[in-house]
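To keep things clear, I will list the structure first and then write my remarks on it.
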Amino acid sequence: MTDITIQTQAALAAIAAADSLDALEALRLDTLGKKGWVSLALKTLGGMSPDERTAAAPAIQSARAAIAEALDAKKAALETAELDARLARETVDLTLPAQAAPKGSVHPVSQVMDELAEIFADLGFAVATGPEIEDDWHNFTALNMDETHPARAMHDTFYFPDKTSEGREVLLRTHTSPVQIRSMLAQGAPIRIIAPGRVYRSDSDATHTPMFHQVEGLVIDKDIHLGHLKWTLETFFKAFFEREDIVLRLRPSYFPFTEPSVEVDVGYSNEGGRRVVGGHGDAPGHAWMEIGGSGMVNARVLEFVGLDPAEYQGFAFGLGIDRIAMLKYGMNDLRAFFDGDGRWLAHYGFSPFDQPTLSVGVGAKA
Ligand code: DAH
């Protein structure tokens, strides 16, 4: 046997015995590497006469081919073995309790919606819902805004190109007020509901996003008056902000679907650059902030849903959920609500186990 044959057999045996990718790489450098013996042997061919080269070349070439093939095969085998070992090592124990690694959190908007439902349920209100894709009859006409009403233009409505089978415009609801209409049509009077949900307007800056959240309130019964409205809102805000010194101011305003209409202001003070709800807005260091619209349901609206205004009347209100969430939990940029940033959610989010209840508290944070 020639030297090359002996050397090749030794190399092939070593490759077969290699037990790691590192050991295999060392063998590759020893043989096919720049200074490996196969490479050096190939180099000697250049200095040979043509006859010598013809005699020596085949043995070196086939040694190189055999070693290269053995290296490739062994590398593939070692990689497969390593992957198998990793798969065996990195098993997931599905029997571990989920609490071991809590990841998700409840968005403050969802939490506040749960708080609203809890507080209003205690006052005898049911939670009603309606579609986010509405038609203009429910969103506008039945709320006393006919086609020519200027308030329609004020809503920056997103319209769809198609119409309903009745020929109505299709749109993304601009407020939760159409749920008033749907609820009264479905169940008549008396009625006591809140309707939290998403609403849409073509508007976007630091304090406006194209999608935001409102909660609608509606009470229709016999002998309902503005005093009931003020008491209800006051009672709600005291429970929501968990303080007794909530002072509301009702200011005359205009909405097509209420008559009379009022805007609701709440007294607050500035503490460390943050608005803190509480106290009389005219007291020193205090001011008023608008937090919603409301009023006595317009008789025209009652007629649209087939109720007799001589028999029934009631009040309605609409509040911005994002706004009251910011006031309660201290965020200052509305847009961050909808960025889906994990750090923001980890900071402002709630534990799924922290269900708001009147007994434990509607603001308790785990
Ligand atoms: N729908 C009104 C808006 O989005 C808010 C509102 C005002 C709702 C007065 C009401 C109400 O129910 O009575 O601007």
Side-chain angles (χ1 to χ4, degrees), residues 108-109 111-113 115-116 118-120 122-123 125 151 154 175-177 194 196 199 201 203 205-209 212-219 224-297 314-337 348 356 358 361-363:
V109 169
Q111 185 78 8
V112 165
M113 284 187 181
E115 294 173 13
L116 287 164
E118 176 70 13
I119 297 168
F120 277 107
D122 194 51
L123 298 175
F125 286 66
M154 279 162 49
H175 50 179
T176 43
S177 302
I194 58 162
V199 301
R201 290 183 202 177
D203 203 353
D205 59 37
T207 52
H208 297 88
T209 48
F212 56 104
H213 300 86
Q214 289 187 333
V215 59
E216 196 79 12
L218 175 71
V219 172
I224 298 291
H225 54 74
L226 265 185
H228 295 125
L229 165 66
K230 191 168 189 227
W231 181 88
T232 303
L233 288 176
E234 229 163 55
T235 303
F236 161 67
F237 280 116
K238 283 179 183 170
F240 181 74
F241 287 110
E242 295 181 293
R243 49 194 296 166
E244 277 301 307
D245 64 342
I246 298 290
V247 184
L248 296 183
R249 179 177 77 173
L250 302 187
R251 194 161 31 81
S253 184
Y254 172 76
F255 300 102
F257 32 90
T258 45
E259 180 58 38
S261 301
V262 292
E263 250 152 339
V264 184
D265 298 337
V266 64
Y268 74 96
S269 62
N270 257 313
E271 283 172 28
R274 210 192 122 182
R275 288 183 172 190
V276 176
V277 167
H280 196 286
D282 292 334
H286 284 66
W288 297 107
M289 166 175 38
E290 188 203 320
I291 44 171
S294 67
M296 298 304 293
V297 176
F315 64 80
F317 59 85
L319 307 170
I321 291 183
D322 312 293
R323 183 95 186 266
I324 61 174
M326 289 167 82
L327 274 175
K328 180 166 179 177
Y329 294 113
M331 310 83 165
N332 48 29
D333 189 346
L334 174 66
R335 288 170 298 192
F337 273 58
Y348 288 112
L358 290 178
V362 289

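What you are looking at is a predicted structure, and each value in this text was computed from that prediction instead of being measured.
Distance CD1/Ile324 to NE2/His213: 12.0 Å, rounded to 0.5 Å. Taking CG from Leu250 and CG from Leu229, the interatomic distance works out to 6.0 Å, rounded to the nearest 0.5 Å. For the atom pair CZ (Phe315) and NE2 (His228), the distance works out to 8.0 Å, reported to the nearest 0.5 Å.
Between Arg201 and Asp203 no salt bridge is recorded (no basic side-chain N to carboxylate O distance below 4.0 Å). The existence of a salt bridge linking Glu115 and Lys328 is confirmed by a sub-4.0 Å separation between a basic side-chain nitrogen and an acidic carboxylate oxygen.
When all heavy atoms are compared, the tightest approach of Val215 to Ile321 is N-CG1, 3.8 Å. In terms of heavy-atom proximity, Val112 sits nearest to Ala325 at CG2-CB, 3.7 Å. For Ser269 against Gly285, the heavy-atom pair with the smallest separation is CB-O, 3.5 Å. Across all their heavy atoms, Arg335 and Thr209 have their closest contact at CG-CG2, 4.0 Å. Contact between Leu218 and Ala316 at its shortest, heavy atoms only, is CD1-CB, 4.2 Å. The two atoms that bring Asp322 and Phe212 nearest to each other are OD2-CB, 3.3 Å, heavy atoms only.
Looking only at side-chain heavy atoms (C-beta outward), Leu123 and Thr235 come within less than 4.5 Å of each other. Between His286 and Tyr268, the closest side-chain pair of non-hydrogen atoms is not below 4.5 Å. Using a 4.5 Å heavy-atom cutoff, the side chains of Phe125 and Thr232 are in contact. The shortest side-chain heavy-atom distance between Val264 and Glu290 does not fall under the 4.5 Å cut-off. Residues His280 and Trp288 have side chains in contact (heavy-atom distance under 4.5 Å, counting atoms from C-beta outward). Using a 4.5 Å heavy-atom cutoff, the side chains of Arg243 and Val276 are in contact. Annotation: side chain of Leu327 is in contact with side chain of Met289 (closest heavy-atom distance under 4.5 Å).
A donor-acceptor pair is defined here as one N or O able to donate and one able to accept, closer than 3.5 Å; no such pair exists between the side chain of Ser294 and the backbone of Phe317. At least one donor-acceptor pair closer than 3.5 Å links the side chain of Glu216 to the backbone N or O of Ser177. Between the side chain of Gln214 and the backbone N or O of Thr176, at least one donor-acceptor pair lies under 3.5 Å. Counting only distance, with no hydrogens or angles, the side chain of Arg323 and the backbone of Gly292 share no donor-acceptor pair below 3.5 Å. Under the 3.5 Å distance criterion, the side-chain polar atoms of Lys238 are left unmatched by any main-chain donor or acceptor of Ile246.
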- Test side-chain contact (heavy atoms from CB on, under 4.5 Å) on Glu234 and Phe236 and set out the steps. CA-CA 5 Å; Glu234 229 163 55; Phe236 161 67; over 6 Å; no
- Message: Test side-chain contact (heavy atoms from CB on, under 4.5 Å) on Met326 and Arg275; report intermediate values, then the result.
- Response: CA-CA 10 Å; Met326 289 167 82; Arg275 288 183 172 190; over 6 Å; no
- Would Leu226 and Met296 satisfy side-chain contact (heavy atoms from CB on, under 4.5 Å), going step by step from the backbone distance to the final call? CA-CA 7 Å; Leu226 265 185; Met296 298 304 293; 4.1 Å; yes
- Item | Leu319/Phe240 under side-chain contact (heavy atoms from CB on, under 4.5 Å): CA gap, chis, key distance, verdict | CA-CA 13 Å; Leu319 307 170; Phe240 181 74; over 6 Å; no
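You'll find the ring centres of Phe257 and His175 inside the 6.0 Å limit. Trp231 and His225 have their aromatic ring centers separated by at least 6.0 angstrom. When ring centroids are compared, Phe120 and Phe237 stay outside the 6.0 Å threshold.
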